[in-house]
Engineer: 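Attaching a single structure in structure tokens format; questions to follow.
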Amino acid sequence: MLNIGIIGYGVRIDMLMDDLFALPYDVRIKAITDTNHERVRALMKKDGSKETMHQMGIDKIDGLMRKCEINPDSITFYTDADEMLDKEQLDGVIVGTNCTTHANFAKKVLNRNLPLFLEKPVATSMEDLRILAECEATATAPTVVSFPLRVSPLVQEVKRILDADIIGKVEHVQAFNDVTYGFVYFHDWYRDESVSNGLFLQKATHDIDIINYLLGEQPIKVCAMKSKQIFKGDMPAGLRCSNCERWETCMESTYNIINVRNDTPRSDYCSFAVDTGNEDSGSMIVKYESGMHVMYSQNFFARKGAGRRGARLYGYKGTVEFDFLTSEIKVFDHMSDKVTTVCLNDQNSHHGGGDRVLMRNFVHLMQGRTTESVAPLKDGIRSTLVCMQAKASSESEQFYPVTL
């Protein structure tokens, strides 16, 4: 039996537990450190009234219903991570706290030589990145960073195509993320930019990691631009949709998100209040060591059929294109009219099947069956660094080196 400890149990970790316990391993959650034990219990059981769930900021979560039962009564709860780490005999620890504390808790876990699963982004400041870089250089226990998209069947098939030299060496990339649920980043805690540190860091971290992974090259320089054109306004700070007289006419109200747009909200802060942070679109250009460059853009007010997430990778012999929303890959032969389309199933798992791959790898690391992380800490640091420097560039209109 493997005993897992969790520091910070929220919606994201709850989703991961679906995939962990869908695997045929003898694993249990032994202990949890969190500041709100009742919220954790309700998340695990997926019970409680609509009002209770609304207060927890997880409205309309029927799409995330538990595939298997977790009994919170069998788990020891703590409010202090050090106490949990000192008292419990654990085989591994998952850190799912707010991003500003990731580095602090990661260091505590790795200092105790325990395998670590760390949510992304791994840090929100240069100081924290340096802490993680020191951990990465000295730690003997492995870390799995929460980068499920890089290990999804879709990206793995793209990697196979590139490794087979079907399109030749990749010499240019155009990547895109038109986020159909972008309102989440203005309704929920992400809207506090002092915590989220902007949407390059919160969203592009995944996409830049995929590109880094597929290219196998080091990014060396970045420039970026961002804008806030939609989600801004003069509504009162702290206003919630449930207390707003415009709930019936505002298409970003929780009521209309659920009942008119048929989407799933997360909390209900006003997207047009004076305290709503974050850009609603952004673009970056990243230069790599071979001299090639990558163009990446993300948008947070695209909706429905306008959504897409993926990239085009160009070689001399061909181009490969993939999109997570269609689960399709297209390979264009530059020397003929041949176009090959590959359609993949998402395997009924979160993040296109990637979450289950991460959980399997984490279990194998705890068991000692492998010593290789499929998403190591150094890659989490590298992706975060690109995104943090992109944010700095967008605010200064200068190129920034991708270095600590």
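Only this structure's heavy atoms are used, side chains among them; waters, hydrogens and symmetry mates stay out. Start at 1 with the first residue, then count along the sequence.
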Engineer: What pairs with W189 under ring pair (Phe, Tyr, Trp, His ring centres under 6.0 Å), at least two apart in sequence or on another chain?
Structural biologist: none
Engineer: Salt bridge check: are D34 and R39 linked by an N-O gap of less than 4.0 Å?
Structural biologist: no
Engineer: Would you call R308 and D323 a salt bridge, using N to O less than 4.0 angstrom?
Structural biologist: no
Engineer: Quick check against the 3.5 Å criterion: does K226 have a side-chain atom that pairs as donor or acceptor with the backbone of N278?
Structural biologist: no
Engineer: Is it true that the NZ or CZ of R41 lies under 6.0 Å from the centre of F77's six-membered ring and within 45 degrees of the ring axis?
Structural biologist: yes
Engineer: Which value, rounded to the nearest 0.5 Å, describes the distance between I257 atom CD1 and F183 atom CZ?
Structural biologist: 4.5 Å
Engineer: So that I can tick it off, tell me whether R303 and E252 are bridged by a salt bridge, with the cut-off set at under 4.0 angstrom between side-chain N and carboxylate O.
Structural biologist: yes
Engineer: I want to check something: taking the side chain as every heavy atom from C-beta on, are F186 and L199 in contact at a cut-off of under 4.5 Å?
Structural biologist: yes
Engineer: Give a yes or no on whether a salt bridge exists between D163 and R160, defined as a side-chain N under 4.0 angstrom from a carboxylate O.
Structural biologist: no
Engineer: Does L20 form a side-chain contact (heavy atoms from CB on, under 4.5 Å) with I4? I'd like the steps, not just the answer.
Structural biologist: CA-CA 11 Å; L20 174 61; I4 293 178; 3.8 Å; yes
Engineer: For the CZ atom on F300, are there more than 12 heavy atoms of other groups (residues, nucleotides or ligands in this structure) within a distance under 6.0 Å?
Structural biologist: yes
Engineer: CG of L358 to CG of L16: how many Å apart, nearest 0.5 Å?
Structural biologist: 7.5 Å
Engineer: Can a salt bridge be assigned to the pair K232 and D280 using a cut-off of 4.0 Å between side-chain N and carboxylate O?
Structural biologist: no
Engineer: Grab the two heavy atoms, one from A123 and one from D128, that are nearest each other, plus how far apart they are.
Structural biologist: CB-CB, 3.7 Å
Engineer: Suppose we screen for side-chain hydrogen bond (donor to acceptor under 3.5 Å, both in side chains). Which residues come up paired with K378, at least two apart in sequence or across chains?
Structural biologist: none
Engineer: Between H187 (side chain) and S271 (backbone), is there a donor-acceptor pair under 3.5 Å?
Structural biologist: no
Engineer: Are the side chain of S146 and the backbone N or O of K120 linked by a donor-acceptor pair below 3.5 Å?
Structural biologist: no
Engineer: Could you check R360 against D19 for salt bridge (Lys or Arg N to Asp or Glu O under 4.0 Å), going step by step and ending with a plain yes or no?
Structural biologist: CA-CA 9 Å; R360 182 181 293 112; D19 286 297; over 6 Å; no
Engineer: Counting distance only, does the side-chain N/O of S373 pair as donor-acceptor with the main-chain N or O of T143 below 3.5 Å?
Structural biologist: yes
Engineer: Evaluate the side chain to side chain donor-acceptor pair (under 3.5 Å) criterion for residues Q156 and Y213: first the C-alpha distance (whole Å), next the side-chain angles of each, then the deciding distance (0.1 Å), finally the verdict.
Structural biologist: CA-CA 10 Å; Q156 289 299 303; Y213 171 71; 2.9 Å; yes
Engineer: Please say whether more than 12 non-hydrogen atoms of neighbouring residues, nucleotides or ligands are located less than 6.0 Å from NZ in K107.
Structural biologist: no
Engineer: Determine yes or no for a side-chain-to-main-chain donor-acceptor pair under 3.5 angstrom, with E217 supplying the side chain and S290 the backbone.
Structural biologist: yes
Engineer: Between the side chain of R382 and the main-chain N/O of V402, is any donor-acceptor distance below 3.5 Å?
Structural biologist: no
Engineer: Which pair of heavy atoms, one from N299 and one from A302, lies closest together, and at what distance?
Structural biologist: OD1-N, 2.7 Å
Engineer: Quick one, L129 and V122 - any side-chain contact, counting heavy atoms below 4.5 Å?
Structural biologist: yes
Engineer: Taking all non-hydrogen atoms of both residues, which atom of P236 and which atom of A273 are closest, and how far apart?
Structural biologist: O-CB, 3.3 Å
Engineer: What is the ring orientation for H351 with H206, classed by angle as parallel under 30°, tilted 30 to 60°, or perpendicular over 60°?
Structural biologist: tilted
Engineer: Please answer whether the main-chain N or O of V374 pairs with a side-chain N or O of N361 as donor and acceptor at a distance below 3.5 Å.
Structural biologist: yes
Engineer: Does the side chain of I75 reach to within under 4.5 Å of the side chain of I70, using non-hydrogen atoms?
Structural biologist: yes
Engineer: For the residue pair D192 and S194, what are the closest heavy atoms and their distance?
Structural biologist: OD1-OG, 2.5 Å
Engineer: Closest approach of G5 and L90, non-hydrogen atoms and distance?
Structural biologist: N-CD2, 3.8 Å
Engineer: What I want to check is whether the side chains of Y78 and K87 have a donor and an acceptor closer together than 3.5 Å.
Structural biologist: no
Engineer: Run the side-chain contact (heavy atoms from CB on, under 4.5 Å) check on F272 and L239 step by step: do they pass?
Structural biologist: CA-CA 9 Å; F272 304 106; L239 179 65; over 6 Å; no
Engineer: Do the non-hydrogen side-chain atoms of K391 and E193 ever get within less than 4.5 Å of each other?
Structural biologist: yes
Engineer: Can you tell me how far apart OG (S383) and CD1 (I211) are? Round to the nearest 0.5 Å.
Structural biologist: 9.0 Å
Engineer: Kindly determine whether Y288 and V294 satisfy side-chain contact (heavy atoms from CB on, under 4.5 Å), including the steps that lead there.
Structural biologist: CA-CA 8 Å; Y288 284 76; V294 169; 3.5 Å; yes
Engineer: For the backbone of M251 and the side chain of R261, can you confirm whether one donor and one acceptor N or O come within less than 3.5 Å of each other?
Structural biologist: yes
Engineer: Quick check: does any side chain N or O of N212 sit under 3.5 Å from a backbone N or O of D379, one acting as donor and the other as acceptor?
Structural biologist: no
Engineer: For the pair N3 (side chain) and D91 (backbone), establish whether a donor and an acceptor sit closer than 3.5 Å, ignoring hydrogens and angles.
Structural biologist: no
Engineer: What I'd like to find out is whether the side chain of S74 reaches to under 4.5 Å of the side chain of R28, using heavy atoms alone.
Structural biologist: no
Engineer: Does atom CE of M225 have more than 12 heavy-atom neighbours from other groups under 6.0 Å away?
Structural biologist: no
Engineer: In Å and rounded to the nearest 0.5 Å, what is the CD to CG distance from Q367 to L2?
Structural biologist: 5.5 Å
Engineer: Contact between V95 and K108 at the side-chain level, heavy atoms closer than 4.5 Å - yes or no?
Structural biologist: no
Engineer: Any side-chain heavy atom of E279 within less than 4.5 Å of one from Q298?
Structural biologist: yes
Engineer: To the nearest 0.5 angstrom, please state how far the CZ atom of F147 sits from the CD atom of E119.
Structural biologist: 9.5 Å
Engineer: With rounding to the nearest 0.5 Å, note down the distance linking CG in N262 to CG in N256.
Structural biologist: 12.5 Å
Engineer: Side chains of D209 and V145: does their closest heavy-atom pair fall under 4.5 Å?
Structural biologist: no
Engineer: Indicate the atoms forming the closest heavy-atom contact of T79 with T33, along with that distance.
Structural biologist: C-CG2, 3.7 Å
Engineer: Dump the intermediate steps for side-chain contact (heavy atoms from CB on, under 4.5 Å) on E171 and Y316, then the final yes or no.
Structural biologist: CA-CA 8 Å; E171 303 291 2; Y316 174 69; 5.9 Å; no
Engineer: Any salt bridge between R112 and D82, counting N to O under 4.0 Å?
Structural biologist: yes
Engineer: Are more than 12 heavy atoms, taken from residues, nucleotides or ligands other than K304, located less than 6.0 Å from that residue's NZ atom?
Structural biologist: yes
